[in-house]
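Keep in mind the model is a prediction, meaning the values are calculated, not measured. Residue numbers count from 1 along this sequence. Read the numbers this way: they start at 1 and go in the same order the structure lists the ligands and their atoms.
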Amino acid sequence: MTPADEAEARAAMTAALQAGHALLAQGKPAVDAVAAAIAELEDSPQFNAGKGAVFNHEGKNELDASIMDGASGKAGAIAGVHRVRNPIQLARAVMDHSQHVMMVGDGAEDFAREQGIKLVDPSYFRTEKRWQQLQKALQEDRLGQAHSDLTTAKHFGTVGALALDNRGDLAAGTSTGGMTDKRYGRVGDSPIIGSGTYANAQCAVSGTGWGEFYIRAVAAYDICARMKYNGQSLKRAAETVIDRQIPKAGGDGGAIGLGADGAVAFPFNTEGMYRGWIGPDGVAHVAIYKDDPLPMPAGQ
Ligand code: ASP
């Protein structure tokens, strides 16, 4: 990353945290804060979500997102859309204004139109950096080198947010362009409730990483289930799934976790992970690389 990209990514994360915090400070529910924070990150070209999403094999941006309200257990998800400016808003509309949990492709875009959700020309999502990443991946495909050294670069920059509101309710959301050079309508873990996103009364999780492994591990749900059924702490449950189970299966990535008691966890087994948090004092803390100092909330 260039210093300018890094500064822009840190500024966007700070703005996302502040957007969520502002709503929570007004007494709004956790789902509102999650949706607002993610929309902020989708609008930034720095992340693999909304504008700046990675390209698929055909040179298109194909977007996935999901959201879950831990208090009600309701959830909404969309996959494979090309025109929805803020995919998290559409996932939210599926949760709030339909009888379904997941919609894909053209049908999801028809629903977006009905809901008055902003649609854009597909060229809106394009950035030169992502285009060059696709060219590199296509070249490696041709040389038969794909799927080993490149896999880490293929999944990076998915965005997620978690919130705990003043009623003690949790919510989680995730938004992504998926993996560079994906084909055949491939969908990763991010829009799959239980794999990339999960929230209940006790725990909220959003994952980022090599999606196929997160789907097989039902990663986000497994973290919360370890807390519920085994009595594990959030930190232990999250580290077990992200740093042990997923690498053991051959995958990699990270996750963010938040407990109803305010516990936070940011496990990852990659070189870095965009991450941050904001508490009631409204001071945002963000980090990118493994050795970036990220102060933890008091007592953690
Ligand atoms: N997990 C996402 C996917 O596999 C990619 C990512 O996290 O960057 O679609």
Side-chain angles (χ1 to χ4, degrees), residues 1 9 12-13 38 41-42 44-58 60-68 77-82 84 87-88 91 102 104-105 108 125 127 129-130 133-134 137 146-147 150-162 172-198 205-223 238 241-243 245-247 249-257 266-275 288:
M1 258 198 301
M13 283 194 283
I38 291 180
L41 298 169
E42 287 174 338
S44 164
Q46 290 299 327
F47 306 99
N48 174 18
K51 187 172 180 61
V54 299
F55 284 95
N56 70 8
H57 189 74
E58 288 76 40
K60 292 184 173 164
N61 303 109
E62 210 164 46
L63 311 168
D64 308 330
S66 63
I67 190 162
M68 187 162 190
I78 53 113
V81 298
H82 300 280
V84 179
I88 197 68
M102 191 168 196
V104 304
F125 300 106
T127 59
K129 186 167 87 179
R130 297 300 188 193
Q133 281 171 3
L134 173 65
H147 311 304
L150 239 189
T151 45
T152 300
K154 281 186 171 178
H155 56 268
F156 191 68
T158 287
V159 308
L162 313 171
T174 310
S175 181
T176 190
M179 288 172 81
T180 300
D181 197 20
K182 63 186 181 179
R183 298 182 82 169
Y184 311 118
R186 178 264 186 195
V187 176
D189 59 311
S190 305
I192 298 184
I193 297 301
S195 295
T197 300
Y198 190 74
V205 174
S206 169
T208 176
W210 194 345
E212 281 68 12
F213 291 89
Y214 281 65
I215 295 174
R216 295 185 192 112
V218 201
Y221 176 75
D222 193 30
I223 293 171
V241 173
I242 302 301
D243 293 339
Q245 305 289 102
I246 288 193
D252 63 357
I256 51 175
F266 303 95
F268 58 97
N269 51 56
T270 47
E271 280 170 30
M273 180 175 78
Y274 298 116
R275 59 201 187 279
I288 299 177

Closest heavy-atom pair and its distance - [X], [Y]:
X	Y	value
F266	M273	O-CE, 4.0 Å
I78	A108	CG2-CB, 4.4 Å
Y214	D252	CE1-O, 3.6 Å

I'd like to check which ligand 1 atoms, numbered from 1 as shown, lie under 4.0 Å from a non-hydrogen atom of [X].
X	answer
T208	6 (C), 7 (O), 8 (O)
G209	1 (N), 2 (C), 3 (C), 4 (O), 5 (C), 6 (C), 7 (O)
G211	4 (O)
S190	1 (N), 2 (C)
G178	5 (C), 9 (O)
G188	9 (O)

Result for side-chain contact (heavy atoms from CB on, under 4.5 Å) between L41 and one of V159, I88, N48 points to V159

Polar contacts were defined as any N/O atom of the residue lying under 3.5 Å from an N/O atom of the ligand; does this apply to [X] and ligand 1?
X	value
E212	no
D189	yes
G157	no

So CG of N56 and CE of M179: to nearest 0.5 Å the spacing works out to 13.0 Å

Can you find a side-chain donor-acceptor pair between S190 and T174 that sits under 3.5 Å? no

Determine whether any heavy atom of R186 lies closer than 4.0 Å to an atom of ligand 1. yes

So between T158, D64, N48, whose heavy atom ends up nearest atom 6 (C) of ligand 1? T158

Does NZ or CZ of R216 come closer than 6.0 Å to the centre of the six-membered ring of F213, within 45° of the ring's axis? yes

State whether the side chain of R130 and the backbone N or O of F55 hold a donor-acceptor pair below 3.5 Å, judged by distance alone. no

